[in-house]
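Below is one structure, written out as structure tokens; comments come after it.
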2 protein chains.
Amino acid sequence: MKSIQKQLDRAQFGGKPVALQTIERLSTYRRVLEDLHAKGIQYVYSHQLAEYVDVTPAQLRRDLSAFGSFGNISRGYNVQRLITTLSELLGTSNIQPVALVGVGNLGRTLLSYRGFEERGFSLRVVFDNDPAKIGRVIAGRRCFDIREAETVLRDQPVEIAILACRPQGIQGVVDRLAAAGVKSILSFVPAIIDVPPGIHIEMEDISAKLEKLSFLAKNRPAKPAYGYEKGRTTM
Amino acid sequence: MKSIQKQLDRAQFGGKPVALQTIERLSTYRRVLEDLHAKGIQYVYSHQLAEYVDVTPAQLRRDLSAFGSFGNISRGYNVQRLITTLSELLGTSNIQPVALVGVGNLGRTLLSYRGFEERGFSLRVVFDNDPAKIGRVIAGRRCFDIREAETVLRDQPVEIAILACRPQGIQGVVDRLAAAGVKSILSFVPAIIDVPPGIHIEMEDISAKLEKLSFLAKNRPAKPAYGYEKGRTTM
DNA sequence: CTGCTATTGTGTACACAGTCACAAACCGTG
DNA sequence: CACGGTTTGTGACTGTGTACACAATAGCAG
Ligand SMILES: NC(=O)c1ccc[n+]([C@@H]2O[C@H](COP(=O)([O-])OP(=O)(O)OC[C@H]3O[C@@H](n4cnc5c(N)ncnc54)[C@H](O)[C@@H]3O)[C@@H](O)[C@H]2O)c1
Ligand SMILES: NC(=O)c1ccc[n+]([C@@H]2O[C@H](COP(=O)([O-])OP(=O)(O)OC[C@H]3O[C@@H](n4cnc5c(N)ncnc54)[C@H](O)[C@@H]3O)[C@@H](O)[C@H]2O)c1
């Protein structure tokens, strides 16, 4: 019985290492840019966009510079073009199929959520291990036996999977998905998992986030108003 | 229109600054310790626990040392005692009431989830702004009008709230909660929020995590097998 | 064409999380 | 009682993410 926290703290792009935090900020930039685009704004300066995202302008420019030069030196960044660029970097230019394992309460909620499509993802392939669910159509998707993952994903390959099943036997699920070519996994399951080589697993432990918030609620910085600035949070 | 990513990257404990990542690891330690406890293990060495969590033993000891000295020098850490200590630090020794805003698909899923109780949280107070839901009892909780937040939370104070509502008017919701004494907020809503002073907001943007995973799936490190060790992931 | 202003991209400096390595403390054993 | 073995807690160091500050560049006005 083991587990990890670290697993991979750097990504690669064009041979150069990129901080994972940079990738996470790209999502934020893209979302804010979408809002600006919806407002008809065509160009934006780094200091403007940076203020929206509450990041220093230098941080924003440095983040982008890891992938190339996208700014016009005295017009700033073309909103439309930057959105396209970021989408390409994140791999969401075209809508991307995603697999879901576990069609319980959480799984069904995710299936009926429309927000994913807007961000370039589509929960297309659905698995479970409950005979009562296998073969049935749930939220428009036919539910497959998890044991057939390799077969099903051969016809309809996916790179990303979401885990919303019970902890029991989850290791087998992960190994199966890895064998079927899945590259990345988002897990809502609070269980310890051996990560197969070449796979990246992202944990979404809601209880852990609550614990963090609980700590912060009880250990507030002693001096509430000293150089304090109203912060902002995105998304 | 603004937003943030940073907002607060250090916590405080006893006047000393503590890295936020340390807090997050405490959750992991506690979870693994619970498993060990369930197995009847009474003492554990830092190098053992560290291996389960895939952290260096020094990291583990350093994390704990930010809060005191809990280890017996040649017996290691008392599992039971360390669980208690971590629970106290995280503020989950006694079950803690949490408010939920928005009883839609996601909200109802969270309400019916039993995992929170096991980790020391209880979704007790429920709000919405839909007249069809206000006053009704949903999953055993009576649903209140969000506009009455301040009144309701005066009788039943909570420090933590979860947002599972629509983005529209979310700023008003946050301000109301802050005025009602809420200290920490976990938001599933992909919207830009002005954070009132003294409040901490944690974003849970599932689409952003998928984007990160998409990037990693497409930009895999060039050399798959070079000094590679099978990693582990917890929870 | 020249000078002025404003912005991008980046070399450099800094701060800090994570690692190393060791002194101090404890235990068991002979 | 001494001693080798083992572990904790922590000073010192390193790696790296972020911030600063400036050179290079573009536009524009006169
Ligand atoms: N519901 C929530 O709000 C919530 C919140 C945080 C985390 N989680 C976690 O998400 C997971 C799912 O939660 P839920 O409330 O939907 O549970 P659930 O019991 O309602 O649904 C679980 C589903 O997964 C299926 N399943 C179980 N084992 C499987 C396997 N090995 N392979 C394929 N399918 C399998 C079951 O048949 C069932 O349909 C749990 O691990 C839970 O801890 C849930
Ligand atoms: N459902 C998912 O899987 C999922 C995943 C990620 C993020 N989210 C986000 O979570 C939020 C909720 O998602 P959902 O699928 O449950 O939506 P939903 O429409 O089913 O439910 C939203 C609920 O919030 C209530 N509400 C709206 N505005 C409110 C306000 N100002 N104050 C109080 N209550 C209000 C509505 O009356 C409704 O009951 C959305 O912002 C969504 O983007 C959902």
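Every chain is numbered from 1 and lettered A, B, ... according to where its sequence line falls, protein lines coming before strand lines. Not measured: the values here are computed from a predicted model.
In this entry the distance linking CG of B:Asp63 with C1' of D:dT8 reads 14 Å, nearest Å. Counting to the nearest Å, the P atom of D:dG9 and the NE2 atom of B:His47 are 14 Å from each other. Across the protein-nucleic acid pair, B:Asn72 atom CG and D:dT7 atom C1' stand 9 Å apart, rounded to whole Å. D:dG9 atom P lies 13 Å from atom OH of B:Tyr45, rounded to whole Å. We find that CZ of A:Arg61 is positioned 14 Å from C1' of D:dT25, with the value rounded to whole Å. One atom, CG of A:Asp54, and another, P of D:dT18, lie 13 Å apart when rounded to the nearest Å. With rounding to whole Å, B:Ile73 atom CD1 is found 8 Å from C:dA25 atom P. Here C:dG9 presents its P atom at 13 Å from CG of A:Leu49, a figure rounded to the nearest Å.
For the side chain to side chain donor-acceptor pair (under 3.5 Å) test, no residue two or more places apart in sequence or in another chain qualifies with B:Arg166. Shown here are the side chain to side chain donor-acceptor pair (under 3.5 Å) partners of B:Gln42, two or more places apart in sequence or in another chain: there are none. Residues satisfying the side chain to side chain donor-acceptor pair (under 3.5 Å) test with A:Ser214, not counting sequence neighbours, are B:Gln96. Residues that satisfy the salt bridge (charged side-chain N to carboxylate O under 4.0 Å, His left out) test with B:Lys183, not counting sequence neighbours, are absent from this structure. Every residue was checked against the side chain to side chain donor-acceptor pair (under 3.5 Å) condition with B:Thr84, not counting sequence neighbours, and none meets it. Taking A:Glu34 as the reference, A:Arg30 meet the salt bridge (charged side-chain N to carboxylate O under 4.0 Å, His left out) condition, with sequence neighbours excluded. Checked against side chain to side chain contact (heavy atoms under 4.5 Å, CB included), B:Pro57 has the following partners two or more places apart in sequence or in another chain: B:Ser46, B:His47, B:Ala50, B:Arg61.
Sequence order on DNA chain C of the closest nucleotides to A:Gly71 and B:Ala58 puts A:Gly71 first from the 5' end.
When distances run from any side-chain atom of B:Arg62 to the nucleotides D:dG11, C:dT10, D:dT7, the shortest one goes to D:dG11. Nearest nucleotide to the side chain of A:Ser69, out of C:dG9, C:dT19, D:dA19: C:dG9.
Interatomic distance, A:Leu33 CG to A:Ile83 CD1, rounded to the nearest 0.5 Å: 5.0 Å.
Contacts between residues 75-90 of chain A and DNA chain C, defined by a heavy-atom separation below 4.0 Å, involve A:Gly76, A:Tyr77, listed by number.
Taken over five-pair windows at either terminus, the axes of the helix from C:dC1-D:dG30 to C:dG30-D:dC1 are inclined to one another by 10° (rounded to 10 degrees).
OP1 or OP2 of C:dT19 lies within a sub-4.0 Å distance of a side-chain N or O belonging to B:Thr56. In this structure, A:Ser74 does not reach the C:dA6 phosphate: none of its side-chain N or O atoms is under 4.0 Å from OP1 or OP2. Between A:Ser65 and the phosphate of C:dG9, there is no side-chain N or O to OP1/OP2 separation shorter than 4.0 Å.
Using a 4.0 Å cut-off between charged nitrogen and carboxylate oxygen, B:Lys212 and B:Asp205 do not count as a salt-bridge pair. Using a 4.0 Å cut-off between charged nitrogen and carboxylate oxygen, A:Glu24 and B:Lys209 do not count as a salt-bridge pair.
Sorted by first and then second residue, the salt bridge (charged side-chain N to carboxylate O under 4.0 Å, His left out) pairs involving residues 74-100 of chain A (not counting sequence neighbours) form an empty list. Note on residues 62-73 of chain B: pairs passing salt bridge (charged side-chain N to carboxylate O under 4.0 Å, His left out), not counting sequence neighbours, are B:Arg25-B:Asp63.
Among the atoms of the strands shown, none is found under 4.0 Å from any heavy atom of B:Tyr43. Nucleic acid contact for B:Thr22: none, since no nucleic acid atom lies under 4.0 Å from a heavy atom of the residue.
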Look for any protein N or O under 3.5 Å of an N or O in nucleotides 13-17 of chain D and output each such pair with its distance, or none.
| from | atom 1 | to | atom 2 | distance (Å) |
| --- | --- | --- | --- | --- |
| D:dG17 | OP1 | A:Arg10 | NE | 3.3 |
| D:dG17 | OP2 | A:Arg10 | NE | 3.4 |
| D:dG17 | O3' | A:Gln21 | OE1 | 3.2 |

